[in-house]
Amino acid sequence: DIQLTQSPSFLSASVGDRVTITCRASQGISSDLAWYRQKPGKAPKLLIYAASTLQSGVPSRFSGSGSGTEFTLTISSLQPEDFATYYCQQLNSYPRCFGQGTKLEI
Amino acid sequence: EVQLVQSGAEVKKPGESLKISCKGSGYSFTNYWIGWVRQMPGKGLEWMGIIYPGDSDTRYSPYFRGQVTMSADKSISTAYLQWSSLKASDTAMYYCARQGAGSPTYYFDYWGQGTLVTVSS
(Lines give C-alpha, C1' and ligand atoms only; values in the text may rest on other atoms or scores of the structure.)
Protein backbone atom coordinates (compact mmCIF):
# COMPACT_ATOMS: atom_id res chain seq x y z
CA ASP A 1 0.00 0.00 0.00
CA ILE A 2 1.07 3.57 -0.62
CA GLN A 3 1.73 5.63 2.50
CA LEU A 4 1.36 9.40 2.68
CA THR A 5 3.28 11.51 5.16
CA GLN A 6 2.33 15.12 5.74
CA SER A 7 4.58 17.73 7.28
CA PRO A 8 4.33 19.49 9.51
CA SER A 9 1.62 17.82 11.64
CA PHE A 10 0.94 21.13 13.39
CA LEU A 11 1.49 24.64 12.11
CA SER A 12 0.97 27.96 13.86
CA ALA A 13 0.39 31.03 11.72
CA SER A 14 -1.44 34.35 11.60
CA VAL A 15 -4.07 35.87 9.36
CA GLY A 16 -2.36 37.11 6.20
CA ASP A 17 0.55 34.67 6.41
CA ARG A 18 1.67 32.45 3.53
CA VAL A 19 1.93 28.80 4.50
CA THR A 20 3.00 25.60 2.79
CA ILE A 21 2.12 22.02 3.69
CA THR A 22 4.01 19.07 2.24
CA CYS A 23 2.73 15.58 1.42
CA ARG A 24 5.19 12.82 0.56
CA ALA A 25 4.17 9.50 -0.98
CA SER A 26 6.02 6.26 -0.30
CA GLN A 27 6.13 5.58 -4.04
CA GLY A 28 5.45 7.56 -7.19
CA ILE A 29 1.81 8.49 -7.78
CA SER A 30 2.16 10.75 -10.82
CA SER A 31 -0.19 13.71 -10.21
CA ASP A 32 -2.88 11.60 -8.58
CA LEU A 33 -3.29 13.66 -5.42
CA ALA A 34 -6.08 15.68 -3.84
CA TRP A 35 -6.16 18.12 -0.94
CA TYR A 36 -9.03 18.68 1.50
CA ARG A 37 -9.76 21.14 4.30
CA GLN A 38 -11.75 20.02 7.33
CA LYS A 39 -13.12 22.55 9.76
CA PRO A 40 -13.95 21.33 13.31
CA GLY A 41 -17.18 19.36 13.40
CA LYS A 42 -17.65 19.51 9.63
CA ALA A 43 -17.16 17.19 6.69
CA PRO A 44 -13.99 17.64 4.62
CA LYS A 45 -14.11 19.89 1.58
CA LEU A 46 -12.23 19.28 -1.65
CA LEU A 47 -9.74 22.03 -2.47
CA ILE A 48 -7.44 20.69 -5.17
CA TYR A 49 -7.29 17.59 -7.36
CA ALA A 50 -4.79 16.26 -9.89
CA ALA A 51 -2.14 17.84 -7.63
CA SER A 52 -2.67 21.37 -8.91
CA THR A 53 -6.22 21.84 -10.25
CA LEU A 54 -8.37 24.11 -8.14
CA GLN A 55 -11.85 22.74 -7.46
CA SER A 56 -14.65 24.98 -8.70
CA GLY A 57 -15.55 27.65 -6.15
CA VAL A 58 -12.33 27.35 -4.15
CA PRO A 59 -10.55 30.67 -3.60
CA SER A 60 -7.43 31.35 -5.65
CA ARG A 61 -5.30 31.80 -2.51
CA PHE A 62 -5.06 27.99 -2.51
CA SER A 63 -2.59 26.36 -4.88
CA GLY A 64 -1.05 22.94 -5.25
CA SER A 65 2.04 21.62 -6.94
CA GLY A 66 4.17 18.52 -7.29
CA SER A 67 4.26 15.14 -8.94
CA GLY A 68 5.77 11.76 -8.28
CA THR A 69 6.38 11.56 -4.55
CA GLU A 70 6.42 15.14 -3.28
CA PHE A 71 3.51 17.56 -3.25
CA THR A 72 2.74 20.90 -1.66
CA LEU A 73 -0.36 22.87 -0.75
CA THR A 74 0.19 26.61 -0.42
CA ILE A 75 -2.20 29.16 1.03
CA SER A 76 -1.01 32.58 -0.07
CA SER A 77 -2.76 34.76 2.50
CA LEU A 78 -4.44 33.00 5.41
CA GLN A 79 -8.03 33.91 6.20
CA PRO A 80 -9.78 33.16 9.50
CA GLU A 81 -11.73 30.27 7.95
CA ASP A 82 -8.49 28.57 6.88
CA PHE A 83 -7.58 27.61 10.44
CA ALA A 84 -8.52 23.95 10.11
CA THR A 85 -6.99 20.56 9.40
CA TYR A 86 -5.70 19.71 5.92
CA TYR A 87 -5.43 16.25 4.40
CA CYS A 88 -3.86 14.95 1.23
CA GLN A 89 -5.24 11.82 -0.47
CA GLN A 90 -3.58 9.68 -3.11
CA LEU A 91 -5.79 8.64 -6.01
CA ASN A 92 -3.31 6.40 -7.79
CA SER A 93 -4.07 2.97 -6.38
CA TYR A 94 -6.21 1.13 -3.85
CA PRO A 95 -6.59 1.74 -0.98
CA ARG A 96 -6.82 5.48 -1.76
CA CYS A 97 -5.45 6.52 1.61
CA PHE A 98 -5.19 9.92 3.26
CA GLY A 99 -2.25 11.57 4.92
CA GLN A 100 -2.35 11.90 8.71
CA GLY A 101 -3.38 15.55 8.53
CA THR A 102 -1.88 18.96 9.24
CA LYS A 103 -3.60 21.11 11.84
CA LEU A 104 -3.25 24.80 11.11
CA GLU A 105 -3.66 26.90 14.24
CA ILE A 106 -3.70 30.58 14.99
CA GLU B 1 -27.77 20.77 -6.29
CA VAL B 2 -25.77 17.67 -5.43
CA GLN B 3 -26.53 16.44 -1.93
CA LEU B 4 -25.61 13.42 0.14
CA VAL B 5 -27.78 13.05 3.24
CA GLN B 6 -26.79 10.51 5.85
CA SER B 7 -28.87 8.81 8.49
CA GLY B 8 -28.81 10.01 12.06
CA ALA B 9 -26.55 9.27 14.98
CA GLU B 10 -26.63 5.77 16.47
CA VAL B 11 -25.86 4.42 19.93
CA LYS B 12 -25.36 0.67 20.02
CA LYS B 13 -24.01 -2.04 22.32
CA PRO B 14 -21.07 -4.29 21.45
CA GLY B 15 -22.20 -7.26 19.41
CA GLU B 16 -25.20 -5.50 17.90
CA SER B 17 -25.69 -5.01 14.17
CA LEU B 18 -26.09 -1.70 12.40
CA LYS B 19 -26.79 -0.33 8.94
CA ILE B 20 -26.32 3.37 8.15
CA SER B 21 -27.39 5.08 4.96
CA CYS B 22 -26.40 7.79 2.52
CA LYS B 23 -29.00 9.15 0.09
CA GLY B 24 -27.84 10.98 -3.01
CA SER B 25 -29.79 13.59 -4.95
CA GLY B 26 -29.21 16.20 -7.62
CA TYR B 27 -27.14 13.95 -9.89
CA SER B 28 -27.21 10.57 -11.63
CA PHE B 29 -26.65 8.25 -8.66
CA THR B 30 -25.65 5.28 -10.81
CA ASN B 31 -22.85 7.12 -12.65
CA TYR B 32 -20.64 7.89 -9.65
CA TRP B 33 -18.99 5.84 -6.94
CA ILE B 34 -19.93 6.35 -3.29
CA GLY B 35 -17.09 6.11 -0.80
CA TRP B 36 -17.04 5.65 2.96
CA VAL B 37 -14.53 7.35 5.25
CA ARG B 38 -14.03 6.71 8.96
CA GLN B 39 -12.89 9.34 11.42
CA MET B 40 -12.30 8.09 14.94
CA PRO B 41 -12.57 10.66 17.74
CA GLY B 42 -9.77 13.22 17.45
CA LYS B 43 -8.12 11.30 14.61
CA GLY B 44 -7.61 11.57 10.86
CA LEU B 45 -9.51 10.33 7.83
CA GLU B 46 -9.44 6.65 6.88
CA TRP B 47 -10.51 5.43 3.43
CA MET B 48 -12.77 2.41 3.94
CA GLY B 49 -13.86 1.63 0.42
CA ILE B 50 -16.11 2.56 -2.47
CA ILE B 51 -19.19 1.13 -4.18
CA TYR B 52 -20.53 1.76 -7.68
CA PRO B 53 -24.33 1.83 -7.35
CA GLY B 54 -24.79 1.12 -11.06
CA ASP B 55 -23.70 -2.50 -10.63
CA SER B 56 -22.78 -2.70 -6.89
CA ASP B 57 -19.10 -3.23 -7.73
CA THR B 58 -17.02 -2.66 -4.60
CA ARG B 59 -13.44 -1.92 -3.61
CA TYR B 60 -12.52 -2.37 0.05
CA SER B 61 -9.49 -1.24 1.97
CA PRO B 62 -7.75 -4.41 3.20
CA TYR B 63 -8.09 -3.09 6.76
CA PHE B 64 -11.89 -2.90 6.52
CA ARG B 65 -12.60 -5.92 4.31
CA GLY B 66 -14.56 -8.43 6.33
CA GLN B 67 -15.29 -5.85 9.05
CA VAL B 68 -18.02 -3.94 7.19
CA THR B 69 -20.24 -4.44 4.17
CA MET B 70 -21.08 -1.79 1.61
CA SER B 71 -24.25 -2.04 -0.46
CA ALA B 72 -26.51 0.17 -2.54
CA ASP B 73 -30.11 0.35 -3.71
CA LYS B 74 -30.08 2.33 -6.93
CA SER B 75 -33.88 2.44 -7.07
CA ILE B 76 -33.86 4.82 -4.10
CA SER B 77 -30.41 6.37 -4.71
CA THR B 78 -29.12 5.15 -1.37
CA ALA B 79 -25.86 3.56 -0.29
CA TYR B 80 -25.37 1.64 2.94
CA LEU B 81 -22.62 0.67 5.33
CA GLN B 82 -23.31 -2.15 7.72
CA TRP B 83 -21.79 -4.08 10.59
CA SER B 84 -22.90 -7.51 11.76
CA SER B 85 -21.26 -7.31 15.18
CA LEU B 86 -20.13 -3.94 16.45
CA LYS B 87 -17.11 -3.39 18.66
CA ALA B 88 -16.27 -0.46 20.89
CA SER B 89 -13.47 0.38 18.45
CA ASP B 90 -16.08 1.06 15.75
CA THR B 91 -17.01 4.25 17.60
CA ALA B 92 -16.40 6.99 15.05
CA MET B 93 -17.88 9.46 12.62
CA TYR B 94 -18.59 7.87 9.26
CA TYR B 95 -18.79 9.99 6.12
CA CYS B 96 -20.06 9.06 2.70
CA ALA B 97 -18.74 10.95 -0.29
CA ARG B 98 -19.17 10.99 -4.06
CA GLN B 99 -16.31 9.95 -6.31
CA GLY B 100 -16.03 10.25 -10.07
CA ALA B 101 -15.90 7.22 -12.32
CA GLY B 102 -12.72 7.86 -14.28
CA SER B 103 -9.26 9.39 -13.93
CA PRO B 104 -8.56 12.11 -12.89
CA THR B 105 -11.90 12.23 -11.02
CA TYR B 106 -11.14 9.72 -8.26
CA TYR B 107 -11.40 12.43 -5.61
CA PHE B 108 -14.36 12.94 -3.26
CA ASP B 109 -16.09 16.10 -4.47
CA TYR B 110 -19.28 16.01 -2.37
CA TRP B 111 -19.59 14.73 1.18
CA GLY B 112 -22.43 13.78 3.46
CA GLN B 113 -22.79 15.44 6.84
CA GLY B 114 -21.52 12.36 8.67
CA THR B 115 -23.13 9.72 10.90
CA LEU B 116 -21.80 9.40 14.44
CA VAL B 117 -21.75 5.80 15.63
CA THR B 118 -21.18 5.20 19.34
CA VAL B 119 -20.66 1.66 20.59
CA SER B 120 -20.73 1.30 24.34
CA SER B 121 -21.94 -1.20 26.88
Side-chain angles (χ1 to χ4, degrees), chain A residues 1-10 21 23 25 29-58 62 64 66-67 71 73 84-104, chain B residues 1-6 9 20 22 24 27 32-52 57-68 70 92-116:
Chain A
D1 295 359
I2 295 172
Q3 311 296 322
L4 295 179
T5 303
Q6 291 182 229
S7 59
S9 295
F10 297 92
I21 299 168
C23 177
I29 58 171
S30 186
S31 297
D32 300 333
L33 190 95
W35 289 97
Y36 302 86
R37 177 180 71 184
Q38 186 180 31
K39 297 179 184 179
K42 300 294 186 182
K45 175 184 175 180
L46 176 68
L47 301 174
I48 286 169
Y49 63 93
S52 60
T53 303
L54 205 62
Q55 171 69 345
S56 176
V58 173
F62 292 94
S67 67
F71 302 85
L73 171 70
T85 301
Y86 292 81
Y87 295 93
C88 56
Q89 182 197 13
Q90 67 85 11
L91 311 175
N92 184 264
S93 63
Y94 297 113
R96 295 196 176 126
C97 62
F98 295 90
Q100 84 278 12
T102 294
K103 187 173 184 180
L104 181 51
Chain B
E1 178 195 7
V2 174
Q3 282 193 305
L4 295 172
V5 178
Q6 297 185 233
I20 62 175
C22 170
Y27 72 100
Y32 291 82
W33 295 77
I34 291 288
W36 290 95
V37 176
R38 184 175 78 173
Q39 189 166 39
M40 299 176 76
K43 302 299 184 182
L45 306 175
E46 297 176 271
W47 190 90
M48 301 176 71
I50 52 175
I51 183 167
Y52 192 72
D57 190 15
T58 56
R59 302 284 188 274
Y60 286 93
S61 164
Y63 183 79
F64 290 98
R65 184 177 291 120
Q67 308 304 309
V68 296
M70 296 181 292
M93 181 72 81
Y94 293 87
Y95 293 102
C96 67
R98 188 184 82 161
Q99 180 202 284
S103 181
T105 65
Y106 297 143
Y107 44 81
F108 291 137
D109 59 354
Y110 287 91
W111 294 67
Q113 82 278 18
T115 295
L116 181 62

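Each chain gets a letter, A, B and so on, in the order the sequences are listed, and its residues count up from 1. Worth saying up front: this structure is predicted, and the values here are computed from it rather than measured.
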Closest approach of [X] to [Y] (non-hydrogen atoms, all atoms of both residues):
| X | Y | value |
| --- | --- | --- |
| C97(A) | W47(B) | CA-CB, 4.3 Å |
| Q89(A) | F108(B) | NE2-CE1, 3.9 Å |
| Y106(B) | L91(A) | O-CD2, 3.3 Å |
| K42(A) | Y95(B) | O-OH, 3.2 Å |

Contacting region of E46(B) [heavy-atom separation from chain A under 4.5 Å]: backbone

Candidate pair D109(B) and Y49(A), rule side chain to side chain contact (heavy atoms under 4.5 Å, CB included), full reasoning: CA-CA 9 Å; D109(B) 59 354; Y49(A) 63 93; over 6 Å; no

Among P44(A), S31(A), G101(A), S30(A), residue most engaged with chain B (heavy-atom pairs, under 4.5 Å): P44(A)

OH-CG distance between Y107(B) and L33(A), expressed to the nearest 0.5 angstrom: 13.0 Å

F98(A) CZ to Q39(B) CD distance, which is reported to the nearest 0.5 Å: 9.5 Å

Chain A contacts, top residue of T105(B), V37(B), L45(B), I50(B) (heavy-atom pairs, under 4.5 Å): L45(B)

Ring geometry between W111(B) and Y36(A) (parallel below 30°, tilted from 30 to 60°, perpendicular above 60°): perpendicular

Heavy atoms of other groups near Y63(B) OH, more than 12 under 6.0 Å: no

